[in-house]
Novice: 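A single structure is presented below for examination.
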Amino acid sequence: MHEEKVADKNTPYWWEAAPVRPLPSQPLAKRLDVAIVGAGYAGLSAGLVLAREGRSVAAFDAMNPGEGASSRNGGITSGSIRPDYATITRRFGEAKAIAIEAEGRRAREFLYDFIETEGIDCDFQLVGRFMGALGYDQYEKMARGAEALAKRLGIESYAVPHAEQCNYIGTDFYRGGTVRMDIGGLHPAKLHAELLRVALASGLTVHSRTPVISIEKDVSGFRVATSAGTVQARQVLVCTNGYTDGGAPFLRRRLVPVRSRIIVTEELPPELMARLMPKLMMMGENRELGFYYRPSPDGMRILLGGRDSSRGNSDPTAPTLRLRNGLIEIFPELEKVRLSYSWFGNVAMNRDMLPRIFEKDDIVYATGFCGSGVVWAPWVGTRAAYKLMGRAQDAGTAFDFRPPASIPFYRGDPWFLPAIIKGYALQDKIAWWRARR
């Protein structure tokens with residue numbers, strides 16, 4: 001194995017500018033209006049709303065706040081929904097499909113407005129996203145989809161034929177693609193750090209490294225047992241996602257933590273970056289195990305992410321090299337480039353692949369972001385806060401419906417994932433062969 005193929009660091013690139021740290025220890029309140037489990041984007045967004053409305057509220061995180069997916073993701077404001085429009089229509093009806101698609105626009109606009117209004121310093125840039133097509137048949141389908149999206153929602157969305165592709169991305173790997181201009185990029189760890197700052201200033205108490213052990217209903221609300229003691233809470237909101245543990249057993253049986261790994265190149269020459277990413281857009285592709293990638297906020301590196309089938313504390317070399325090979329497949333000019341960072345984080349998937357708010361035994365849950373939590377977690381967390389306050393008009397969302405279905409024989413250990421990922425890889429090989437024959 002060549003030394004240059006090993007990343008310099010196995011910690012998130014984002015932590016260099018926005019380190020994840022424990023908060024000072026604080027005494028537990030004896031009573032709370034609301035106890036929130038999880039202090040990522042969703043938990044903090046909910047806590048901010050509740051605290052500003054005068055509620056006594058505390059968030060409990062098993063790790064340091066933001067140490068999970070909130071500071072490990074790619075920082076792309078896609079707000080993607082995994083099932084396509086036709087699939088959602090078939091499962092839930094056309095009205096639900098229309099509402100979900102429209103809500104994606106509202107959720108992105110909410111995030112962008114929040115960043116501006118609150119003075120959030122997170123390197124946000126509304127640069128658009130290019131999605132590459134693997135073959136001309138896929139391009140035609142994607143082009144029709146871009147046109148339909150522009151007509152239905154008024155979003156600037158259009159097809160890019162292969163002949164014009166070089167204006168958006170410096171590769172011949174794709175056969176054209178599509179662009180959406182309502183998607184941008186940000187620094188996810190800075191977003192969380194700023195959200196934490198605003199929430200704390202508004203009166204939210206956040207307990208780091210304080211896992212919730214159990215939640216029990218009683219006559220006055222809930223007894224929330226934590227590693228630091230027990231709190232009496234009138235209401236409980238669970239906002240864990242890819243790091244859900246035994247403190248929320250009902251949710252744990254319904255969310256599968258899937259690893260997503262990101263690699264980052266060393267700093268690249270400006271002329272090379274200008275050739276490979278001339279518009280500094282966010283990037284993606286339509287494969288089951290496809291890659292998402294982007295320039296760093298300073299425009300000097302390329303970050304690329306994708307699935308990681310490793311488990312436990314296994315050696316990161318193999319999944320890192322898989323992503324590196326994918327990077328080189330797209331950009332052959334980067335064959336000799338060194339990787340500076342490689343890390344993974346958990347993405348939470350559920351059986352219908354939709355985010356949601358739901359209620360079970362009077363506990364409210366805001367969860368299931370399926371890899372698009374930069375947009376969906378603040379939005380859904382905020383709607384959940386309004387739901388707790390009984391403000392139905394503000395709480396309205398297409399994602400407030402039944403809990404996701406449980407997964408048979410699953411209690412938190414995703415033993416079946418390697419087989420599923422191999423199946424997806426086979427589907428991608430077949431699609432690739434059909435696209436290139």
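In this text, all values refer to a predicted model and were calculated from it rather than measured experimentally.
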Novice: Does any part of the side chain of Leu195, heavy atoms only, come nearer than 4.5 Å to the side chain of Phe114, both counted from C-beta?
Specialist: yes

Novice: Under 4.5 Å between any side-chain heavy atoms of Val160 and Asn167, yes or no?
Specialist: no

Novice: Can you find a pair of side-chain heavy atoms, one from Tyr365 and one from Thr244, that are under 4.5 Å apart?
Specialist: no

Novice: How far does CG of Asp182 sit from CG of Leu149, to the nearest 0.5 angstrom?
Specialist: 7.0 Å

Novice: Does Glu335, at its CD atom, have more than 12 non-hydrogen atoms belonging to other residues, nucleotides or ligands within less than 6.0 Å?
Specialist: no

Novice: Given side chains that start at C-beta, do those of Thr367 and Val238 come closer than 4.5 Å, heavy atoms only?
Specialist: no

Novice: Kindly state whether the ring of Phe399 and the ring of Trp379 have centres lying under 6.0 angstrom apart.
Specialist: no

Novice: Within 45 degrees of the ring normal and closer than 6.0 Å to the centroid, is that where the cationic atom of Arg301 sits relative to Tyr341?
Specialist: no

Novice: Sort out for me which residue in Asn73, Leu255, Val380 forms a side-chain contact (heavy atoms from CB on, under 4.5 Å) with Phe369.
Specialist: Val380

Novice: How many angstroms lie between OG in Ser70 and CH2 in Trp14, if you round to the nearest 0.5 Å?
Specialist: 13.5 Å

Novice: For Asp394, is the CG atom crowded, meaning more than 12 foreign heavy atoms sit under 6.0 Å from it?
Specialist: yes

Novice: Is the positively charged end of Arg254 above the ring of Phe358, judged by distance under 6.0 angstrom from the centroid and angle within 45° of the axis?
Specialist: no

Novice: Let me confirm one number: the CG-CG distance from Asp121 to Leu186, rounded to the nearest 0.5 Å.
Specialist: 11.0 Å

Novice: Report yes if the side chains of Ser296 and Val264 come closer than 4.5 Å at any heavy-atom pair, otherwise no.
Specialist: no

Novice: Can Thr77 and Arg108 be counted as having a side-chain donor-acceptor contact under 3.5 angstrom?
Specialist: no

Novice: Hey, are the side chains of Asp61 and Ser208 touching, using non-hydrogen atoms and a 4.5 Å cut-off?
Specialist: no

Novice: Out of the candidates Pro188, Cys239, Ser71, only one should pair with Tyr41 under the side-chain contact (heavy atoms from CB on, under 4.5 Å) rule; please name it.
Specialist: Pro188

Novice: Taking the six-membered ring for Trp, are Tyr168 and Phe130 parallel (under 30°), tilted (30 to 60°) or perpendicular (over 60°)?
Specialist: parallel

Novice: Picking from Asp172, Leu276, Leu304, what satisfies side-chain contact (heavy atoms from CB on, under 4.5 Å) with Ile330?
Specialist: Leu304

Novice: Is it true that Glu147 and Lys151 have a side-chain N and a carboxylate O under 4.0 angstrom from each other?
Specialist: yes

Novice: Hey, which of Glu103, Arg356, Arg383, Lys387 is the one that makes side chain to side chain donor-acceptor pair (under 3.5 Å) with Thr397?
Specialist: Glu103

Novice: Under the side chain to side chain contact (heavy atoms under 4.5 Å, CB included) criterion, do Leu23 and Leu196 qualify, and how do the steps go?
Specialist: CA-CA 11 Å; Leu23 296 177; Leu196 178 62; 4.2 Å; yes

Novice: Is the shortest side-chain N to carboxylate O distance from Glu194 to Arg197 below 4.0 Å?
Specialist: yes

Novice: Does the side chain of Tyr174 reach to within under 4.5 Å of the side chain of Gln165, using non-hydrogen atoms?
Specialist: yes

Novice: May I ask you to check whether Arg21 and Asn64 show a side-chain donor-acceptor distance below 3.5 Å?
Specialist: no

Novice: Between Asp84 and Lys141, does any NZ, NE, NH1 or NH2 come within less than 4.0 Å of an OD or OE carboxylate oxygen?
Specialist: no

Novice: Step through the shown structure and confirm whether more than 12 heavy atoms of other residues, nucleotides or ligands are within 6.0 Å of CD on Glu16.
Specialist: yes

Novice: Indicate yes or no: does Arg91 engage Asp352 in a salt bridge with an N to O separation below 4.0 Å.
Specialist: no

Novice: Between Glu116 and Phe124, is a side chain to side chain contact (heavy atoms under 4.5 Å, CB included) present by the stated rule, with each step listed?
Specialist: CA-CA 10 Å; Glu116 181 178 1; Phe124 172 62; over 6 Å; no

Novice: Could you tell me whether the side chains of Ser78 and Tyr292 share a donor-acceptor contact shorter than 3.5 Å?
Specialist: no

